[in-house]
Amino acid sequence: MTDVVTSPAVDLQQLSGGELLPSRVPGETRVVVPLVTLPRACQVIVDGVGARLATMVAQDERAETGSFTLAYTFAIPDRRWMTIECQVPADSPAFPSVTPLVPAAHWYEREARDMFGLEPEGHPDLRRLVMHDDWPAGVFPLRKDFDPSIPVPRVEADPYRFHTLHGDGIVEIPVGPFHAGVIEPGHFRFAAVGEVVLALEPRLFYTHRGIEKLIEGKSLDHGLQIAERICGVCSLSHAVTYCQAAEQILGIEAPPRAAVIRSIGLELERLYNHVGDAGNMCAGVGFMVGVAHGARLKDELQRLNEQFTGNRFLRGLSAIGGVRRDLDVEFAAQMSLELARIAREFGELTAMILGSETTMERMRRTGILPGDLARALGVVGVGARASGIDLDTRRDHPYAAYRDGETARRRDGKTARRPDGQNLPPSPAVGRGAGGEGYSAVGRGAGGEGHSAGGGEGFPVPTREEGDVAARLLVRIDEVAVSFALIQALIAEMPAGPLIAGWTPPTTDAAAFSATESPRGENLHWLRVNAQGTIERYRVRSASFPNWPAVAAAAPGNMVPDFPLINKSFELCYACLDR
Amino acid sequence: MSTLHPLIPMLQSRQDEDASTLGQKFSDQVQRVLQRSMQIRHLDAGSCNGCDWEIQSLLCPAYDMQRLGLDIVASPRHADCLLVTGSVTRHLEIAAIRTWEAMPAPGIVIAVGACACGGGVLQGSYCTAGGVKNVLPVDISIPGCPPRPQALLHGLMLALDRIEQKLHHSNHEFRIGRSEA
Ligand code: SF4
């Protein structure tokens, strides 16, 4: 750990000009700043050390301290976290908006306004975000004095004002909330001239279920049942993130065997998502053979999930303190064989997709997300890596079996094989075979050269520079190879020992947060329990939260019919976002 | 017509040799009751997307419900039944009711998953209706979190029975009731 920390914690503190508070998780520098200097403190952290805004947590602490608190947490490139807090007085609930200086804060602050009634002064966009038009003004569901058992009436209100463009030949195309296929609900408003999109504005949060409020007052175990159901296809990632945050609070750690089983599960989750997504992206261009094969392989992976955990979405695997299911030698061997076969068949599928020039031509230069824009929005996951941002929570904030010391895994990660049998690092592989000059197989990072930060220097993080749909497909394909190799390596060296650590409900007020790399990118859960051992505040920042604005930013300049393809290439989730 | 593949590959592996006959029978029943395929509209009323992905997997080659004469359609106006997932969030309630109203009679409503059947883990939230039955008249409930594709197929079989019942026994009454609603 010490060798990767380039500067001691005090530097960050000095930089921010804040007063040091006790940190909540290892590697966190936590400071409190006066309200007026909040935006400036956030800006120096972002500009000074290249930090990424990872979450913002608002809290109603009026009963204890007489004020609300805001906590902006940043991911620092050298594997640390930085939290900048401030107090917002109860009698004038307003704060200077960070958004003009740090654009990634835009949705967080709008959400705090909807849910807590905290006014971000100077925020360029003060429309509702989470709560829709017919939610009465002055009712803030995450305030402690809001009683969820009293039904909130619908009110007449001005309809949401979409940004409109005026001019000759500009047409507005409204789509949603319900779409033609089996998709989640969300509204998209296009401004187009002919076929070309000029602007796209998404209106989301239709599936807002009030999960953060619902979970308050529940026990930690009960909370897990809910956290695991924030999202279907990232169930395990959410469950593990929640469990890790709870374990941090309880001061326990999952035993080594449980850590390995969690990682195997998390990689299985990535596999069935990425494999299915590679197929689904073909639907965006009408390449139905690819769709069918992707869906078939996805279903086979989900059956494997079911054999392993009893649930096709890996639900019920993770528990606070460890895991509920073991992976016995016999089944592990069977799984290993099955995965090797699926890896081979996925190789055939990718060769088919990459070899279809008409498919690849539609994907290349479509839906480009420029790297600097992705950085400004704090984008995570595949969307970030395909735009040249080298980030992966597994390496940057390692957890479960991704921690240092897993030497065999690291070694095997280095020699990860592509599903088509080529070694991962060499360059002229699949992409070029597809006739895509400029798409040499793996961007940088596959061999992990020069990564000072953690997770084992060898942890392969495929990145690409193009930022288009094709790049997002190729990053997924490369990550699939890494996951297959990781699982095989983890199965090969399963440590013996218990599956779960014991714990008793907490008796003091404590908070912690944790992050995992879901198939869609970093999921971050912030959890606080009170002295009664029940949940006081829970904040979920899923990968889709920072990434949705990026989808809207990548659409202009493309044809309207290419939007489904662009959307699928990001493959974001509405349920995770809306909560 | 060529013989159908086994309805459910996993059932077959459990030596349920009736699976393919079951598929054939179901497919014949669809023909008899509707004289065409059964058209399904999916409606996500605030799910976690687990249920929706299972509905999506009915279209994959392993289950391939289209071979049985079942298909997902793009508009409620073309639909015989509505597969509703999620506990019906506040922000989707009105759109869900409008979708149902746009369906032709008899308009079967199927609640898919624990959330849709009774609120699931979201019981007590300020932002959900606590289940589809509190918003729309539910005909069939398919429990599970999420229900497996096999359970969904079973639910669709029940839905077909329900359509048959409604068409034969309460056709007139139902249509009047619907237009007054
Ligand atoms: S029943 Fe389960 S899988 Fe279905 S929407 Fe609810 S939580 Fe998700």
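Numbered from 1 within each chain, the chains take letters A, B, ... in sequence-line order.
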Just so I know, are the side chains of [X] and [Y] near enough to count as touching, which here means a heavy-atom distance under 4.5 Å?
X: A/Phe178; Y: B/Arg41; result: yes
X: A/Lys298; Y: B/Gln56; result: no
X: A/Pro185; Y: B/His91; result: no
X: A/Tyr574; Y: B/Asp44; result: no

Aromatic plane relationship, B/Tyr126 with A/Phe146 - under 30° parallel, 30 to 60° tilted, over 60° perpendicular: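 Rings of A/Phe146 and B/Tyr126: perpendicular, over 60°.
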Keeping [X] on the side-chain end and [Y] on the backbone end, is there a donor-acceptor pair under 3.5 Å?
X: B/Arg90; Y: A/Met131; answer: no
X: A/Arg229; Y: B/Gly120; answer: no
X: B/Ser125; Y: A/Leu214; answer: no
X: B/Asn49; Y: A/Cys231; answer: no

Is [X] close to chain A through its backbone or its side chain, or both, or neither, when contacts mean heavy atoms under 4.5 Å?
X: B/Val88; result: neither
X: B/Ile72; result: side chain
X: B/Cys51; result: neither

Residue part contacting chain B, namely of A/His222, when any heavy atom lies under 4.5 Å: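 Answer is neither: A/His222 stays 4.5 Å or more from chain B.
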Shortest non-hydrogen contact from A/Gly210 toward B/Cys127: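 Looking at all heavy atoms of both residues, the closest pair is N-CB, 4.2 Å.
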Minimal non-hydrogen separation, A/Arg312 against B/Ser57, with atom names: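 Here A/Arg312 and B/Ser57 meet closest at NH2-OG, 3.7 Å.
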Options B/Cys115, B/Ala45, B/Ala96, B/Pro61, ranked by heavy-atom pairs under 4.5 Å with chain A, top entry: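 Of the options given, most contacts go to B/Pro61.
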Crowding at NE2, B/His154 (>12 non-hydrogen neighbours, <6.0 Å):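 It does not: B/His154 NE2 has 12 such atoms or fewer within range.
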